[in-house]
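Remarks on the structure that follows.
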Amino acid sequence: MNHEDMNKLLKPKSIAVIGASATPGKIGYTVLENLQKSGYQGPVYPINPSATEILGMKCYASLADVSGSIDAAVMCVPVKLVNACAEDCGKKGVKGLIVITSGFSEVGRKDLEDELIATAKKYGMRILGPNIVGTLSNSDKMNASFAPFLPLDGKATLVTQSGALLIAMDAATYTRRVGFDKMVSIGNMCDVDIADIIDWLNDDPNSTCTSLYIEGLKDGRKFIKSGRASKKPIIALKSGVSAHGAAAAASHTGSLAGAAKVYGSAFKQAGVIQASDLDNLFDRTLALSLMPPLKGENLLVITNGGGVGVLATDAAERYGIPMKFAPKDVQDEMKKHMPEFGSAKNPVDLTGMAGTEWYTESVRFAISHSWVEGLIVLYCETAMTNPLEIAKGIKQAIDEAGQKDKPVTVSFVGGEKSAAAMAWLVENGVPAYGAPDLAVNAMAALREYALLRETAKEPSYKPNDAARKAAMKIISAARADGRDALTEIEAKQVFMAYNLPVTTTELAKSEDEAVALAKKIGFPVVMKIVSPEILHKSDAGGVKVNIKDEAACREAYNTIIKNAKAYKADANIHGIAIQEMAPWGTETILGSTNDSTFGPTIMFGLGGIFVEVLKDVTFRVAPVDKVQAVEMFDEIRAAAILKGARGESPRDRKALAETVEKYSNMISDLEDEISESDANPVLVYEEGKGLKVVDARIILKKK
Ligand code: COA
């Protein structure tokens with residue numbers, strides 16, 4: 001990303017409005033009027049072939065008539081004129097195109113977008129849009145959009161794929177009292193995308209938090225990279241999280257990988273905090289833009305009401321920052337600012353008698369104390385107290401304590417006076433909310449940010465050329481055979497190339513060969529049909545387990561062949577796999593899909609009902625290393641089972657983490673080849689006893 005070019009696009013020193021119009025109500029009029037009203041300091045050049053003056057500004061028939069240089073052009077002409085105007089821009093030396101015009105790829109006219117991209121490339125221009133509302137910046141006094149006004153001034157930046165949402169949020173900043181420095185409508189992202197804006201904002205002193213509304217990313221991996229490298233918190237609201245499209249997937253993993261799960265995991269890997277809805281996006285943005293991260297989990301709650309204190313305690317547990325009792329010295333000090341019947345434990349209940357002084361003293365002490373890592377101050381409006389005075393006392397205490405690295409969130413529960421006091425707090429840099437739950441949720445966002453900064457790291461991954469070469473031999477042979485599904489034996493050979501602990505499996509082409517192999521492997525064995533046309537082997541009666549001796553082996557051989565032929569008469573039967581019968585262990589499943597946005601992704605869960613019924617699985621964009629694998633184990637609802645629940649000994653999570661890493665390397669190395677794969681089940685034994693991949697499946701990308 002060239003920073004200078006991005007500055008010219010998003011912080012232009014001079015702007016042309018192409019398609020400026022003298023007719024009120026037209027977008028070309030509104031954009032011009034907005035630039036004027038927002039107090040934009042640089043020169044503005046209205047361009048219109050038939051006007052001489054608009055809104056008191058000299059109007060130019062064409063860009064060529066302008067003598068000064070122009071950084072950015074806002075396009076307000078119909079789609080059929082955009083490319084010719086872009087060409088004029090290039091010739092004039094314009095560097096940024098802010099293309100408001102609709103009618104491009106969003107309505108199937110990707111060709112027009114490609115033309116525009118080609119023109120921009122030819123002249124070294126960057127494009128914002130097309131199909132956008134424009135871009136707004138308080139610090140640049142620039143409303144280069146058709147949104148009605150600049151948002152309430154603040155420290156966040158909103159980047160949104162929905163222009164209508166920008167307009168709605170712009171107005172709502174005033175009623176919600178959440179301030180933004182910038183709002184950027186990103187539209188079709190034909191050139192500049194969300195990741196570019198995240199990168200660019202790293203060096204913007206006016207923006208402390210990036211707030212995203214995402215409908216769908218184009219380049220998921222670029223986004224993860226920018227998210228990880230961001231120096232500022234990023235919060236995202238993702239819409240369109242239904243599992244549409246997943247149902248048709250061929251593998252188990254494919255059917256479980258809905259957009260919500262994959263995006264959720266990608267956000268984690270990118271270090272991006274999530275918002276659950278629009279309200280939550282506003283609330284969390286407020287805290288993230290004003291407060292530092294919550295570095296630990298020692299949270300203190302100060303309140304004048306027991307009820308709101310309990311509500312905050314419940315919320316803290318719900319949001320993953322459970323409350324602890326305060327240490328004795330904190331309690332002793334707190335007792336000085338409350339009557340006998342108060343409670344100093346945590347929540348610290350100063351009681352309804354608490355006035356400004358008690359609040360101020362206790363807040364100042366709490367923030368200064370080394371045990372306290374984050375503070376939530378709650379207040380219920382009483383007849384004896386003045387909410388604004390309490391607010392001022394809290395702010396004074398925060399300032400006097402001088403601890404800039406500890407977050408504070410506030411909730412005032414009451415009427416108009418409380419609302420006014422909270423507005424004052426927000427204006428003075430303290431996030432305040434109308435309900436205790438919201439103050440806790442905001443604090444949880446600050447905790448998530450601290451945790452994500454630790455965990456959202458690039459995994460250690462090195463392509464394994466030797467393994468890839470060995471795997472490619474098997475894959476190429478299957479392709480030469482005209483197949484895109486590997487047989488179990490072939491899939492296991494690919495797994496083995498990556499050192500994955502698969503059960504010994506060999507192919508028998510006759511009854512006698514079956515007996516010989518079973519003896520070599522050692523009874524009991526499992527016998528399975530091997531046919532590219534029969535992927536669901538059990539459904540076809542193609543699997544027999546616990547074959548204990550030669551007679552049973554011969555019988556199973558014949559039964560399986562008979563069943564397979566009955567299931568699919570023309571199936572091409574390679575033979576029967578004779579497989580080591582692994583001792584039973586905790587059933588887990590690993591899987592992979594190739595996501596259209598993020599590329600190879602990996603899934604982990606417990607097998608059986610956990611995956612079939614509860615869909616208790618978790619995803620990551622591959623590659624992942626052992627550390628991230630362990631995070632995955634801890635994320636599923638049934639995490640306790642692997643740790644050794646209900647008197648069972650803990651499972652070999654170390655071996656499992658190694659297997660996940662190897663599996664993830666395999667699907668990353670073979671990204672261009674593998675479309676989906678499963679290792680199901682993977683039987684995990686007691687600590688130190690390893691695991692076995694019992695069944696393996698690989699479906700190749702169609703070429
Ligand atoms: N250079 C400069 N101006 C030109 C021109 C040229 N080569 N050719 C024509 N114009 C002028 C027109 O004369 C007109 O000015 P006028 O009012 O003085 O006649 C002005 O450009 C605009 O053209 P017009 O044909 O009136 O278009 P419009 O204003 O009806 O619509 C758009 C233009 C861009 C607003 C419309 O095509 C569009 O895309 N609307 C959707 C925008 C949107 O919703 N974006 C996404 C939000 S999420």
Side-chain angles (χ1 to χ4, degrees), residues 15-35 44-66 70 72-92 94 97-113 115-116 119 125 127-136 143-149 151 158-171 183-194 197 212-216 239-240:
I15 301 177
V17 178
I18 302 181
S21 170
T23 310
K26 279 201 174 188
I27 286 184
Y29 177 89
T30 307
V31 170
L32 205 60
E33 191 187 33
N34 277 345
L35 281 166
V44 175
Y45 303 105
I47 312 292
N48 182 309
S50 48
T52 51
E53 192 197 288
I54 303 173
L55 286 160
M57 289 185 233
K58 179 175 181 227
C59 187
Y60 300 80
S62 83
L63 274 178
D65 299 337
V66 177
I70 302 169
V74 187
M75 294 273 190
C76 308
V77 289
V79 67
K80 60 180 187 304
L81 300 177
V82 169
N83 198 40
C85 290
E87 190 73 39
D88 293 346
C89 286
K91 286 184 186 139
K92 173 68 189 159
V94 172
L97 299 178
I98 299 166
V99 185
I100 288 181
T101 313
S102 302
F104 290 88
S105 63
E106 81 283 4
V107 293
R109 294 304 305 268
K110 173 123 188 350
D111 55 320
L112 296 177
E113 217 162 272
E115 252 180 49
L116 178 62
T119 307
M125 297 185 283
I127 307 167
L128 187 67
N131 188 30
I132 59 172
V133 162
T135 178
L136 303 89
N143 180 0
S145 82
F146 64 89
F149 31 66
L158 173 75
V159 184
T160 165
Q161 274 185 301
S162 158
L165 196 84
L166 184 149
I167 295 176
M169 283 183 75
D170 182 23
M183 289 193 158
V184 182
S185 171
I186 194 105
N188 297 2
M189 304 195 291
C190 82
D191 173 27
V192 169
D193 63 9
I194 295 174
I197 309 266
L212 308 174
Y213 169 78
I214 298 178
E215 284 172 358
S239 69

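Computed from heavy atoms alone, side chains included, the values below leave out hydrogens, waters and symmetry copies. Counting starts at 1 for both ligands and their atoms, in listed order.
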(request) Take V66 and I47 through the side-chain contact (heavy atoms from CB on, under 4.5 Å) test and state the conclusion after the steps. (result) CA-CA 9 Å; V66 177; I47 312 292; 4.0 Å; yes

(request) Could you name the option among C76, G19, G25, S62 that has the heavy atom nearest to atom 3 (N) of ligand 1? (result) G19

(request) State whether any protein heavy atom lies less than 4.0 Å from atom 31 (O) of ligand 1. (result) no

(request) Heavy-atom contacts with I27 under 4.0 Å: which atoms of ligand 1 show up? List them by number with element. (result) 35 (C), 42 (C)

(request) Measure the distance from atom 38 (C) of ligand 1 to every protein heavy atom, then report the residue, atom name and distance (to 0.1 Å) of the closest one. (result) S102 N, 4.0 Å

(request) Using a distance threshold of 4.0 Å (strictly less than), state whether atom 23 (O) of ligand 1 has a protein heavy-atom neighbour. (result) yes

(message) Considering both backbone and side-chain atoms of K26, is one of its nitrogen or oxygen atoms within less than 3.5 Å of a nitrogen or oxygen in ligand 1?
(response) yes

(request) Distance to 0.1 Å, residue and atom name: give those for the protein heavy atom nearest to atom 8 (N) of ligand 1. (result) L81 CD1, 3.3 Å

(message) Taking distance alone, with N or O pairs closer than 3.5 Å, would you say N48 contacts ligand 1?
(response) yes

(request) Considering the heavy atoms of I100, write down every atom of ligand 1 situated less than 4.0 Å from one of them. (result) 42 (C), 43 (C), 45 (N), 46 (C)

(request) Quick one: look up the protein heavy atom nearest atom 5 (C) of ligand 1 and list residue, atom name and how far away it is. (result) P49 CD, 3.7 Å

(message) Just to verify, which of L63, V74, N48 counts as forming a side-chain contact (heavy atoms from CB on, under 4.5 Å) with I18?
(response) L63

(request) Mind running side-chain contact (heavy atoms from CB on, under 4.5 Å) on V107 and S102 for me, showing each step along the way? (result) CA-CA 8 Å; V107 293; S102 302; over 6 Å; no

(request) From atom 2 (C) of ligand 1, work out which of I132, I47, L166, V82 has a heavy atom at the shortest distance. (result) I47

(request) Could you tell me which atoms of ligand 1, counted from 1 in the order shown, lie closer than 4.0 angstrom to a heavy atom of S21? (result) 15 (O), 16 (P), 17 (O), 18 (O)

(message) Going by the closest heavy atom to atom 37 (O) of ligand 1, which one wins out of P130, A147, P78?
(response) P78

(request) Considering only non-hydrogen protein atoms, determine which one is nearest to atom 7 (N) of ligand 1 and report residue, atom name and distance to 0.1 Å. (result) C85 SG, 3.9 Å

(request) Specify the protein heavy atom at minimum distance from atom 46 (C) of ligand 1: its residue, its atom name, and the distance to 0.1 Å. (result) N131 OD1, 3.3 Å

(message) Between ligand 1 and V77, is the shortest N or O to N or O distance under 3.5 Å?
(response) no

(request) Determine if the distance from atom 16 (P) of ligand 1 to the closest protein heavy atom is below 4.0 Å. (result) yes

(request) For atom 48 (S) of ligand 1, find the nearest protein heavy atom and state the residue, atom name and distance (0.1 Å precision). (result) G163 CA, 3.6 Å

(message) Between I197 and V192, is the side-chain contact (heavy atoms from CB on, under 4.5 Å) condition met? List the steps.
(response) CA-CA 7 Å; I197 309 266; V192 169; 3.8 Å; yes

(message) By the definition side-chain contact (heavy atoms from CB on, under 4.5 Å), identify the one residue from I98, T135, L166, I194 that meets it with V184.
(response) T135

